[in-house]
J.: 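Quick one: the structure is below, and I'll ask about it shortly.
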Amino acid sequence: MNTLPKKYKHSEIEEKWKSWWEAERVYGWDPSRPKEETFIIDTPPPTVSGSLHVGHVFSYTHTDVIARYQRMTGKNIFYPMGWDDNGLPTERRVQNYYRIRCNPEVAYNPDWKPTHDPKQKKEIEEVSRKNFIEACNTLTHEDEKAFHALWSQLALSVDWALEYATIDEHCRRVSQASFLDLLEKGEAFHAKSPTMWDTDFQSAIAQAELEDREVAGAYHNIRFQVADSSEEIEIATTRPELLPACIAVVAHPSDERYQHLFGKEAITPLFHSRVPIRAAEHADPEKGTGILMVCTFGDIMDVEWWKQSKLPMKQIIGREGKLLDVSFGTEPFQSEKPESAQESYRELAGLYAKQARTKIAELLAAPNSAVNSDGTALVGEPTPTKAPVKFFEKGDRPVEFVPTRQWYVRVLPHKERLLQLGKEIEWHPEYMYTRFQHWVEGLNQEWCYSRQRYFGVPFPVWYPVQEDGETDYENPILPPFEDLPIDPSTDVPAGFREEQRGQKGGFRGDPDVMDTWSTSSLTPQIMSHWKIDPERHKQLFPMDLRPQGHDIIRTWAFTTIAKAMLHEGTIPWKHICLSGWILDPDRKKMSKSKGNVVTPGHLLEEYSSDAVRYWSARARLGTDTAFDDKVFAIGRKLVTKLFNASRFVLSQFERLETTAEASLGGTVTEEVDKAFLHKLHNTISAATAGFEALDYAVALQRTEELFWDFCDHYVELVKTRSYGEEQSAERDSALTTLAISLKSFLQLFAPFLPYVTEEVWSASFRTDPGSTGSIHKSRWPDAKEVATYAKSGNPRLFDLAKQIMGEVRGTKSTSQRSLKWPVQELQLTGDGETLGGIRRITGDILRASNCTEEALSLKENSDADGQLSVRVVLAEEEPTA
RNA sequence: GGGCGCUUAGCUCAGUUGGUAGAGCGUCAGCCUUACAAGCUGAAUGUCGCAAGUUCGAUCCUUGCAGCGCCCACCA
């Protein structure tokens with residue numbers, strides 16, 4: 001048993017216990033214990049290429065606090081850590097960091113090594129896909145080390161033997177197995193159809209990756225001619241550049257203004273295409289002129305309407321977001337005046353959509369641009385407007401709908417079941433379920449599962465190449481499960497040779513990678529070794545707890561629930577808890593792009609890890625928290641106080657050459673002691689109930705409250721008694737209460753303040769039976785056990801003592817006297833019951849007030865109704881030294 | 001446009017079967033007290049966002065409104 005140093009130096013102490021915990025494997029998962037005794041956490045794998053900031057510390061601490069509590073209840077904790085390293089954020093970071101680009105056409109160079117020199121702005125280098133992936137691996141490995149160091153410092157009690165990375169071989173295997181399972185079940189399919197497409201990244205994206213942004217645009221009112229008639233219709237659009245892709249004109253079926261036109265045709269200006277005029281439910285008579293053009297494709301409604309209309313598609317926007325070369329007069333670009341149409345289009349071809357918009361506005365504004373050559377096709381000046389436009393959340397230009405071949409996973413047919421399963425999960429806070437519900441109800445597309453990127457999990461699929469050189473998408477070649485993971489761009493399917501790659505009668509690998517959520521959605525299955533180790537899977541799945549941010553309910557929570565449903569028809573975890581965000585002091589969300597990010601390193605150094613954890617744990621689940629230095633200072637103060645109070649308590653035992661542990665078995669005889677232990681019992685019950693409901697914040701609050709009462713009032717009341725030179729029942733009662741209290745407080749604080757509590761524990765209660773010696777493996781305090789000490793205790797007596805002490809101190813303070821100053825007269829007035837209680841605790845009160853027994857008078861007032869009034873008169877004389 | 005959440009002391013936040021409004025920080029006034037000056041004691045501070053309703057009684061329940069934040073939605 002070591003003794004505590006005089007001062008608490010957090011950096012030394014953290015260093016000591018951090019390595020001891022790791023060496024002793026205090027947080028190791030024990031695979032031999034059954035599921036019922038295990039608490040299983042689906043840890044969020046942090047995106048390692050993202051910036052490290054206090055938000056990470058915040059939410060991961062919440063999980064750790066819960067894990068530590070569960071561990072102390074005797075549970076076997078399964079608490080892994082993964083790194084989310086695949087996907088676009090990493091690619092982007094690697095491109096900038098090493099100044100490279102992936103070009104799949106370039107050959108692999110085994111001698112190439114990525115270099116980073118921030119001083120030298122070298123030319124952007126094109127490298128092969130394999131080299132690019134190597135560079136991704138190199139950089140993410142560095143990032144992971146930084147995260148690992150932070151997590152250790154923060155004392156996350158993860159089992160580092162359970163570390164994984166979403167791009168590692170095991171994750172690729174599970175990801176690909178998942179895909180093959182979905183394919184077998186008919187839940188995955190591929191289709192060539194208009195897909196939401198980011199023109200910068202040149203990849204398909206999913207509904208979950210969309211965000212709306214307010215963008216300045218302008219309404220252009222354009223005159224169309226009704227075919228075989230002199231009538232004109234005026235159509236408003238913010239995307240005039242899509243005029244050449246116009247396939248129809250529609251108005252609401254009940255719109256009286258256009259009834260007579262349904263069934264007729266309209267002719268577009270500039271391109272002179274005949275397009276049908278039809279009725280469509282989605283046309284809103286209130287908006288614009290009530291009649292609109294359908295183009296392939298302006299928005300999702302265009303896509304929907306096009307699908308059911310069976311009209312031909314006129315694709316003009318290409319993968320790069322530029323207008324393609326098309327020729328008018330040939331299908332589907334039918335035109336009444338092909339030459340004139342082509343002449344107009346020549347001005348637009350090759351331009352980006354936004355440039356084309358400006359250009360076509362000029363063309364439309366030209367004299368004689370109307371179909372009948374009578375004036376301009378553009379009516380008036382374009383009217384500026386601001387409208388929400390869909391963007392890929394990481395992109396810089398609006399998404400376009402581009403027809404491409406993609407893999408999809410079915411979610412739309414399963415909406416009902418998803419909602420049902422969502423309800424089976426306990427959401428903390430509960431109202432977060434509503435967000436999930438709304439997301440599921442609002443789904444309007446299947447999950448687009450493929451991405452045209454490089455650093456990700458490839459599809460485990462090859463296709464036969466037919467004799468005509470075309471790819472046979474309908475008969476994919478699949479690897480057996482045992483071969484996973486595979487990379488179809490380098491691996492060869494059974495029965496083929498590498499030389500047949502891309503050749504007639506040979507094969508071709510699927511070039512795409514999976515959506516990053518395809519892997520992230522499997523974090524429970526990745527850790528349970530689904531399909532690989534059925535025994536282990538049964539032992540770990542479904543899991544107990546998913547912690548995550550509320551901003552990714554529609555992605556991570558949703559896809560994980562969807563996968564558990566599609567694969568095994570079950571929920572993935574029993575509980576999901578959602579942490580809030582960290583806001584900067586101006587209440588803006590902390591994010592890299594806003595430049596208001598605070599990194600955690602200096603906070604840990606300045607205030608200690610325990611203090612930073614304290615700050616995190618004060619915030620309730622789901623609640624956003626403003627970053628506030630002061631709270632760290634409060635945390636540091638609490639740590640110091642806990643340390644000093646512990647030193648005081650332990651010194652009482654050292655003085656008598658005994659130990660706190662030996663005193664636990666003593667007898668509690670004094671009323672003040674019993675009263676305090678009763679309070680302690682209440683606090684333990686409340687903290688336990690809080691933790692059981694995942695409400696760690698209330699556990700901390702209640703513990704902290706009573707701890708300050710302990711220091712300020714209990715210790716001050718019994719100090720003199722515990723200092724007694726002679727052995728006595730009164731003295732031993734105080735010592736036993738101090739021992740029980742210290743032990744309980746250390747344990748109650750242990751989930752929040754793992755370092756300081758371990759330090760004190762090591763000097764006091766380390767031999768607790770059944771523990772490895774770490775407080776974090778000790779048994780959580782048992783409220784019932786504490787209650788046995790305090791059987792007849794009356795907690796009100798403690799409050800009365802507090803009140804009297806407060807009055808005494810108050811009088812001394814306002815008289816500008818020291819707290820040692822003698823009290824000449826102490827008069828207490830109350831009803832019989834109150835005074836009866838006070839009589840049992842006067843000894844401690846008089847000692848702590850420096851008041852003689854003669855100076856005390858008790859006056860009974862039967863009308864006092866439980867109220868106690870206190871009169872204090874101080875001595876004139878200065879206290880003698 | 002729809003939904004969810006929030007609004008309590010100067011600041012950050014607690015506050016459930018509806019019953020006299022709480023903590024910490026900050027401010028002010030003091031105090032070396034046999035653990036702690038990185039400490040301790042005390043004091044002051046409120047239209048509980050606004051309005052109506054239910055009730056003997058509303059910070060709490062109901063309705064409406066306002067402000068803030070977030071999520072979602074169909075770009076004419």
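Just so we're on the same page: letters track the sequence lines, and every chain starts at 1.
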J.: Categorize A:G810 for me: base, sugar-phosphate, or nothing, with a 4.0 angstrom heavy-atom threshold over every strand shown.
T.: sugar-phosphate
J.: With distance as the sole test, does A:D610 use its side chain to make a donor-acceptor pair with the main-chain N or O of A:V756 at under 3.5 Å?
T.: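 Yes; judged by distance alone, with no hydrogens or angles, the pair exists.
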J.: B:U12 C1' sits how many Å from A:D624 CG, rounded?
T.: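 After rounding, the reported distance stands at 14 Å.
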J.: Can you check the distance between B:A23 and B:G57, where both ends of the measurement are the C1' atom (answer in whole Å)?
T.: 27 Å
J.: Measure from CZ on A:F710 to P on B:C36 and round the result to the nearest Å.
T.: 15 Å
J.: Looking at B:G10, which nucleotide sits across from it as a Watson-Crick or G-U wobble partner, both distances under 3.5 angstrom, or is there none?
T.: B:C25
J.: Which part of the nucleic acid, if any, lies within contact of A:G806, taking any heavy atom under 4.0 Å across all strands shown: a base, the sugar-phosphate backbone alone, or nothing?
T.: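 A:G806: backbone/sugar contact only, no base atoms under 4.0 Å.
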J.: What distance, rounded to whole Å, do you find between the two C1' atoms, one in B:U20 and one in B:A58?
T.: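 Rounded to whole Å, the distance is 14 Å.
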J.: Would A:K719 pass as a cation-pi partner of A:F648, given that its NZ or CZ must be under 6.0 Å from the six-membered ring centre and within 45 degrees of the axis?
T.: yes
J.: Between B:C72, B:U33, B:G3, which one does the side chain of A:R554 approach most closely?
T.: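 Selected nucleotide: B:C72.
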J.: For the residue pair A:H62 and A:S579, what are the closest heavy atoms and their distance?
T.: ND1-OG, 2.9 Å
J.: Is the backbone N or O of A:E441 less than 3.5 Å from a side-chain atom of A:K415, with the two atoms forming a donor-acceptor pair by type?
T.: yes
J.: Whom does B:U47 pair with, Watson-Crick or G-U wobble, provided both distances fall under 3.5 Å?
T.: none
J.: Going through the distances and angles, do A:R239 and A:D299 end up as a salt bridge (Lys or Arg N to Asp or Glu O under 4.0 Å)?
T.: CA-CA 10 Å; A:R239 296 203 61 182; A:D299 62 26; over 6 Å; no
J.: Only counting residues at least two apart or in another chain, list the ones meeting ring pair (Phe, Tyr, Trp, His ring centres under 6.0 Å) with A:F752.
T.: A:F691
J.: Using only side-chain N and O atoms of A:R809, determine if any of them is under 4.0 Å from OP1 or OP2 of B:C40.
T.: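 For B:C40, OP1/OP2 do not have a side-chain N/O of A:R809 under 4.0 Å.
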J.: In the structure shown, which nucleotide is the Watson-Crick or G-U wobble counterpart of B:G57, with both distances under 3.5 Å?
T.: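 Partner of B:G57: none.
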J.: With a 4.0 Å limit, can you tell me whether A:K641 has a side-chain N or O closer than that to the phosphate oxygens OP1/OP2 of B:C40?
T.: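 True: A:K641 side-chain N/O within range (under 4.0 Å) of B:C40 OP1/OP2.
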J.: Could you work out the separation of B:G19 and B:C60 based on their P atoms and round it to a whole Å?
T.: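 Taking atom P in both B:G19 and B:C60, they lie 11 Å apart.
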J.: May I ask you to say what A:F643 touches in the nucleic acid, namely base, sugar-phosphate or nothing, with a heavy-atom cut-off under 4.0 Å?
T.: nothing
J.: NA contact type, A:V399, heavy-atom cut-off 4.0 Å: base, sugar-phosphate, or nothing?
T.: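 Touches a base.
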J.: Under 4.0 Å between a side-chain N or O of A:N444 and OP1 or OP2 of B:C72?
T.: no
J.: Select base, sugar-phosphate, or nothing to describe what A:A283 touches, counting heavy atoms under 4.0 Å on all strands.
T.: base
J.: Could you verify whether a donor N or O on one side chain and an acceptor N or O on the other, from A:E14 and A:S609, lie under 3.5 Å apart?
T.: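 Side chains of A:E14 and A:S609: pair found under 3.5 Å.
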J.: Nearest of B:C75, B:A35, B:C71 to any side-chain atom of A:C711?
T.: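 Among the listed nucleotides, the one closest to the side chain of A:C711 is B:A35.
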J.: Do the side chain of A:T289 and the main chain of A:E234 share a donor and acceptor less than 3.5 angstrom apart?
T.: yes
J.: Using a cut-off of under 3.5 Å, enumerate the N/O to N/O pairs linking the protein to nucleotides 20-29 of chain B.
T.:
unit_1 : atom_1 : unit_2 : atom_2 : d
B:C25  : OP1    : A:K637 : NZ     : 2.8

J.: Between atom CZ in A:R435 and atom P in B:A73, what is the gap in whole Å?
T.: 13 Å
J.: Write down the distance between CD (A:Q652) and P (B:C36), rounded to a whole number of angstrom.
T.: 12 Å
J.: Categorize A:T237 for me: base, sugar-phosphate, or nothing, with a 4.0 angstrom heavy-atom threshold over every strand shown.
T.: sugar-phosphate
J.: For A:H550 and for A:N221, find the nucleotide of RNA chain B with the closest heavy atom, then tell me which residue's nucleotide is more 5'.
T.: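 The 5'-side residue here is A:H550.
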J.: Can you tell me how far P of B:C40 sits from CG of A:L819, to the nearest Å?
T.: 12 Å
J.: Return the value, rounded to whole Å, for the distance between atom CG of A:L746 and atom P of B:A35.
T.: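 So the two atoms are 18 Å apart, to the nearest Å.
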J.: Between B:A35, B:C75, B:U41, which nucleotide has the shortest distance from any of its atoms to the side chain of A:V715?
T.: B:A35
J.: Check whether any side-chain nitrogen or oxygen of A:K719 sits under 4.0 Å from OP1 or OP2 of B:A35, and answer yes or no.
T.: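 Yes, because at least one side-chain N or O of A:K719 sits under 4.0 Å from OP1 or OP2 of B:A35.
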J.: With P as the reference atom in both, quote the distance from B:A21 to B:C25 in angstrom, rounded to an integer.
T.: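 Each nucleotide's P atom is 24 Å from the other's.
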J.: Measuring only the C1' atom in each nucleotide, how far is B:A35 from B:G39? A whole number of Å is fine.
T.: 10 Å
J.: Indicate whether OP1 or OP2 belonging to B:G15 is found under 4.0 Å from a side-chain N or O atom of A:R620.
T.: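 Affirmative; the distance criterion is met.
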J.: Using the six-membered ring of A:W708, assess whether NZ or CZ of A:K637 lies under 6.0 Å from its centre and within 45 degrees of the ring axis.
T.: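 Because its charged atom sits under 6.0 Å from the ring centre and within 45° of the axis, A:K637 does stack over A:W708.
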J.: Tell me whether the side-chain N/O atoms of A:K820 come closer than 4.0 Å to OP1 or OP2 in B:C32.
T.: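 No, A:K820 has no side-chain N/O under 4.0 Å of OP1/OP2 on B:C32.
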J.: With both distances under 3.5 Å as the test, what is the Watson-Crick or G-U wobble partner of B:A35?
T.: none
J.: Is any side-chain heavy atom of A:Y755 closer than 4.5 Å to a side-chain heavy atom of A:R613?
T.: no
J.: Counting side-chain heavy atoms from C-beta on, which of B:U12, B:C72, B:C71 comes nearest to A:A626?
T.: B:U12
J.: Look at all strands and tell whether A:D712 reaches a base, only sugar-phosphate, or nothing, counting heavy atoms closer than 4.0 Å.
T.: sugar-phosphate
J.: For A:E654, is there any backbone N or O sitting under 3.5 Å from a side-chain donor or acceptor partner on A:T658?
T.: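 Side chain of A:T658 to backbone of A:E654: no pair is present.
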J.: From C-beta outward on A:W439, which listed nucleotide comes closest to its side chain: B:C74, B:U33, B:A73?
T.: B:A73
J.: Who is the Watson-Crick or G-U wobble partner of B:C4, with both distances under 3.5 Å?
T.: B:G69
J.: Can you tell me how far P of B:G1 sits from NE2 of A:H438, to the nearest Å?
T.: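 Nearest whole value for this atom pair: 18 Å.
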J.: State which of B:C31, B:U41, B:C74 makes the closest approach to the side chain of A:S818.
T.: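 Closest of the options to the side chain of A:S818: B:C31.
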J.: For B:U62, what is the paired nucleotide under Watson-Crick or G-U wobble rules, both distances under 3.5 Å?
T.: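 Partner of B:U62: B:A52.
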J.: Is there aromatic stacking of A:Y723 on B:U34 here, judged by a ring-centre distance under 5.5 Å and a plane angle under 30°?
T.: yes
J.: Closer than 3.5 angstrom, by distance alone: can the side chain of A:T195 be matched with the main-chain N or O of A:W197 as a donor-acceptor pair?
T.: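 Pair absent, no side-chain N/O of A:T195 close to backbone of A:W197.
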J.: With heavy atoms under 4.0 Å as the rule, sort A:E716 into base, sugar-phosphate or nothing.
T.: base
J.: Select one nucleotide: of B:C74, B:A14, B:A35, the one nearest the side-chain heavy atoms of A:A645.
T.: B:A35
J.: Starting from the 5' end of RNA chain B, give me the residue, A:Y431 or A:V649, whose nearest nucleotide shows up first.
T.: A:Y431
J.: Given B:U33, B:G42, B:C36, identify the nucleotide with an atom nearest to the side chain of A:T814.
T.: B:G42
J.: How many whole angstroms separate atom CZ of A:F745 from atom C1' of B:A35?
T.: 15 Å
J.: Would you indicate what A:W708 reaches in the nucleic acid, counting non-hydrogen atoms under 4.0 angstrom: base, sugar-phosphate, or nothing?
T.: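 Counting heavy atoms under 4.0 Å across all strands, the contact made by A:W708 is with sugar-phosphate only.
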